[in-house]
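These numbers were taken from a predicted model, which means no experiment stands behind them.
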Amino acid sequence: MKIKRRSFLAGSAFLAAAGMAPSASGMLPSEQAAHDKYKATEVPHPDQLLDSEPLLQVPAPDSVGVSFAVNRLAVGYAEVADNPEMTGAKRYVCAGMPLAEISDRVLRVRMDGLKPATRYWYRIGAAAVTYPVGYWMKPSPIEWGALHTFSTPGEGAESRFAVINDTHARWEPFERVVAKLRELKAPVTVWNGDAQNTSRTREDLVNIFLKPKAGAGYATDAPILFNNGNHDFRGQANIHLDEVLMTRLPTERAPRDWALGRNFAIRQGQIALIGLDTGEDKPDFHPAAGGATRFEPYRAAQALWLEDQFKRPEIASAPYVVAFVHIPLFDPNPNANPGTLLEDYAAWQKQAAELWGPILTKNRVQVVIAAHQHQYRFDPATPDRTWAQMIGGGPDLQGNGRFPTVIEGLVADGKLVIRAHDVRNDRIAGEYAFEKR
Ligand SMILES: [Fe+2]
Ligand SMILES: [Fe+2]
């Protein structure tokens with residue numbers, strides 16, 4: 001006789017004989033054993049699982065990202081509150097849907113649903129991940145980091161920013177630059193490219209961005225807006241730079257612009273900050289690219305994005321607009337390398353200048369802040385180019401008129417003030433004021 005499945009399962013005597021009787025909880029003994037083992041497994045409290053300070057990044061009026069290093073497989077957290085007692089704190093786990101990210105080295109958490117121009121307190125946390133029963137994941141107790149604070153951008157935020165560039169993993173100049181950032185306490189720092197030289201492994205990126213040999217904790221209390229330099233595209237690791245440095249949220253842009261991962265246009269008080277990526281300092285046909293770069297269409301795509309930013313009410317209404325690029329958009333020397341030649345490398349980026357320059361002029365942008373030359377310079381505006389250009393210094397501490405800079409932007413007495421701090425000689429290298437546009 002054929003036994004129906006239902007009646008077979010209901011035959012408890014048979015099941016008990018086979019050691020398969022459901023328990024009082026309704027679980028099969030084997031399943032109950034798995035639950036018991038899971039519950040009984042004590043996951044040890046990790047010791048120094050957190051392996052770096054938090055790096056705040058990609059600030060937006062309603063969100064900010066944080067990444068940090070861990071020293072074994074873990075899931076990450078952040079807790080955020082609008083008060084230092086952390087009353088009513090909201091807990092975030094690593095981003096990812098449907099699976100939250102876990103990693104053996106770098107964790108990234110996006111804190112969203114925030115209010116613009118608001119001060120928050122936060123701490124990062126991590127839990128080691130173990131698998132006591134098959135694929136059943138059990139996190140350890142959370143190891144929490146120290147309490148820090150940040151403020152979100154927005155039209156009501158403080159009208160001030162700082163800029164660093166061309167730090168090139170040179171730790172003595174980096175230490176000086178970070179000391180100046182700590183003194184200025186700007187609410188946001190634009191890192192205007194060439195943080196690296198060439199990074200071949202993820203650990204190279206960890207050592208530059210999360211565990212620098214000097215100046216550690218440089219972005220615990222003010223987020224960075226990272227803008228790529230040509231060196232930030234070099235080496236195998238940089239194809240996966242977003243494993244360490246998060247990109248903008250896709251919801252910040254139109255589907256057409258989703259590939260533009262780091263371009264930013266945000267209001268920091270009365271100033272609109274716009275980040276544009278000039279890419280490599282050599283043309284796509286250069287053998288160094290191995291036929292695998294698309295910087296020319298990338299710059300063209302950014303022109304469409306840039307045009308649209310000025311249609312956003314909060315950008316269109318900004319009294320002051322500052323654009324950030326790594327490679328300059330102008331060079332006073334008519335023979336300067338335009339970045340389109342096989343020989344040598346770009347002193348300025350001609351394609352970007354031709355595509356973006358007129359849009360910046362049409363929208364009366366006051367200043368472009370550039371980098372790449374490793375020498376501080378200021379180029380005043382001209383009748384047919386509304387924007388002046390300030391170029392930050394490089395990592396050179398030897399002299400020859402060269403010095404690292406921290407550029408500071410702020411609004412004072414109804415004017416936008418752009419000030420370059422020479423951190424080698426501890427003086428102001430240049431200061432310029434701009435009227436409302
Ligand atoms: Fe550089
Ligand atoms: Fe550069």
Side-chain angles (χ1 to χ4, degrees), residues 57-61 116 152-155 157-165 186-193 223-229 247-249 252-254 256-279 298-330 349 351-372 379 381 385-392 407-411 416 418 434 436-437:
Q57 53 199 288
V58 287
T152 46
E155 292 172 56
E158 187 188 3
S159 304
R160 207 154 64 89
F161 62 86
V163 191
I164 64 173
N165 60 278
V188 64
T189 301
V190 178
W191 196 341
N192 211 10
I224 62 159
L225 286 161
F226 190 74
N227 205 13
N228 296 307
T247 54
R248 309 297 304 180
L249 279 170
E252 289 183 59
R253 56 205 60 210
R256 181 199 66 197
D257 302 323
W258 279 355
L260 307 180
R262 297 201 188 282
N263 288 82
F264 56 85
I266 60 165
R267 277 286 292 272
Q268 184 66 45
Q270 296 183 66
I271 314 169
L273 311 177
I274 298 186
L276 291 152
D277 186 347
T278 44
Y298 180 52
R299 293 183 197 106
Q302 289 178 77
L304 301 177
W305 172 84
L306 177 62
E307 189 94 57
D308 283 354
Q309 297 319 296
F310 290 100
K311 297 173 188 160
R312 291 170 48 196
E314 70 272 32
I315 303 299
S317 65
Y320 311 100
V321 183
V322 181
F324 301 87
V325 293
H326 178 74
I327 302 176
L329 297 185
F330 168 79
Q349 223 302 318
Q351 186 203 4
E354 288 176 352
L355 286 170
W356 309 339
I359 301 172
L360 300 177
T361 290
K362 186 174 83 183
N363 291 286
R364 304 177 314 284
V365 169
Q366 287 105 333
V367 196
V368 167
I369 294 182
H372 183 64
D379 304 315
R385 171 170 52 75
T386 60
W387 39 275
Q389 179 176 262
M390 184 180 276
I391 299 177
I407 296 173
E408 184 186 16
L410 57 111
V411 174
L416 170 68
I418 304 290
F434 303 86
K436 285 184 182 176
R437 60 190 191 117

Response to the item:
Contacts of Arg312 meeting salt bridge (charged side-chain N to carboxylate O under 4.0 Å, His left out) (sequence neighbours excluded), chain-then-number -> Glu314
Item to complete: Find out whether Trp387 and Ile369 are in side-chain contact, i.e. whether some heavy atom of one side chain is under 4.5 Å from a heavy atom of the other.
Response: no
Item to complete: Using modelled atom types only, decide if a donor and an acceptor are shared between the side chain of Asn165 and the backbone of Ala370 within a distance under 3.5 Å.
Response: no
Practice prompt. Please report the C-alpha distance between Val58 and Phe226 in whole Å, then the side-chain angles of each, then the deciding distance to 0.1 Å, and finally whether the side chain to side chain contact (heavy atoms under 4.5 Å, CB included) criterion is met.
Written response: CA-CA 8 Å; Val58 287; Phe226 190 74; over 6 Å; no
Worksheet, complete the sentence: Between the CD1 atom in Ile418 and the CG atom in Leu410, the distance rounded to the nearest 0.5 Å is 7.5 Å
Worksheet item: Between Gly154 and Pro116, which heavy-atom pair has the shortest distance, and what is it?
Response: CA-CB, 4.4 Å
Worksheet item: Salt bridge check: are Arg256 and Asp308 linked by an N-O gap of less than 4.0 Å?
Response: yes
Worksheet entry | Under 3.5 Å: donor-acceptor pair, side chain of Arg437, backbone of Ala318 | yes
Fill in: Close side-chain approach of Asn228 and Arg262, heavy atoms under 4.5 Å
yes
Worksheet item: Does any non-hydrogen side-chain atom of Gln268 lie less than 4.5 Å from one of Arg160?
Response: no
Worksheet item: Rounded to the nearest 0.5 Å, how far does OG of Ser317 lie from CZ of Arg267?
Response: 4.5 Å
Discussion item. Working to the nearest 0.5 angstrom, can you tell me the gap between Glu307 CD and Lys362 NZ?
Written reply: 3.5 Å
Discussion item. Quick test of your reading: applying ring-ring contact (aromatic ring centres under 6.0 Å, His included), list the pairs with at least one residue in residues 300-329, sequence neighbours left out, ordered by first then second residue.
Written reply: Phe161-Phe324, His326-His372
Fill in: Where Trp356 and Asp277 come nearest, the two heavy atoms and their spacing
CH2-O, 3.3 Å
Discussion item. Please evaluate residues Leu225 and Arg248 with respect to the criterion side chain to side chain contact (heavy atoms under 4.5 Å, CB included), reporting the C-alpha separation (whole Å), side-chain torsions for both, the decisive distance (0.1 Å), and the verdict.
Written reply: CA-CA 10 Å; Leu225 286 161; Arg248 309 297 304 180; 3.4 Å; yes
Fill in: Trace of the side chain to side chain contact (heavy atoms under 4.5 Å, CB included) decision for Gln270 with Glu155
CA-CA 6 Å; Gln270 296 183 66; Glu155 292 172 56; over 6 Å; no
Worksheet item: Between Val190 and Ile164, is any pair of side-chain heavy atoms under 4.5 Å apart?
Response: no
Fill in: Minimum side-chain heavy-atom gap Leu260-Thr247 below 4.5 Å
no
Item to complete: Identify the heavy atoms of Ala371 and Ile391 that sit nearest to each other, and give their distance.
Response: O-CG2, 3.5 Å
Practice prompt. Determine the minimum heavy-atom distance between Ala60 and Pro153, stating which atoms define it.
Written response: O-CD, 3.2 Å
Item to complete: Decide yes or no for Leu276 and Leu306: does some side-chain heavy atom of the first lie under 4.5 Å from some side-chain heavy atom of the second?
Response: yes
Worksheet item: CZ of Phe264 to CD1 of Ile274: how many Å apart, nearest 0.5 Å?
Response: 9.0 Å
Response to the item:
Heavy-atom nearest pair, Ala272 first then Ile315, reads CB-CD1, 4.1 Å
Worksheet entry | side chain to side chain contact (heavy atoms under 4.5 Å, CB included) between Leu329 and Leu360, intermediate numbers included | CA-CA 11 Å; Leu329 297 185; Leu360 300 177; 3.9 Å; yes
Discussion item. Could you report the tightest heavy-atom contact between Thr278 and Gln349, atom names first, then the distance?
Written reply: O-CG, 4.0 Å
Worksheet item: Side chains of Gln389 and Pro328: closer than 4.5 Å at any heavy-atom pair?
Response: yes
Worksheet item: Does a donor on one side chain sit under 3.5 Å from an acceptor on the other, for Asn263 and Gln302?
Response: yes
Worksheet item: Got a second to check how far Ile327's CD1 is from Gln351's CD, nearest 0.5 Å?
Response: 11.0 Å
Worksheet item: How many angstroms lie between OG1 in Thr152 and CD1 in Ile266, if you round to the nearest 0.5 Å?
Response: 10.0 Å
Practice prompt. Compare all side-chain heavy atoms of Asn363 with those of Val321 and state whether any distance is below 4.5 angstrom.
Written response: no
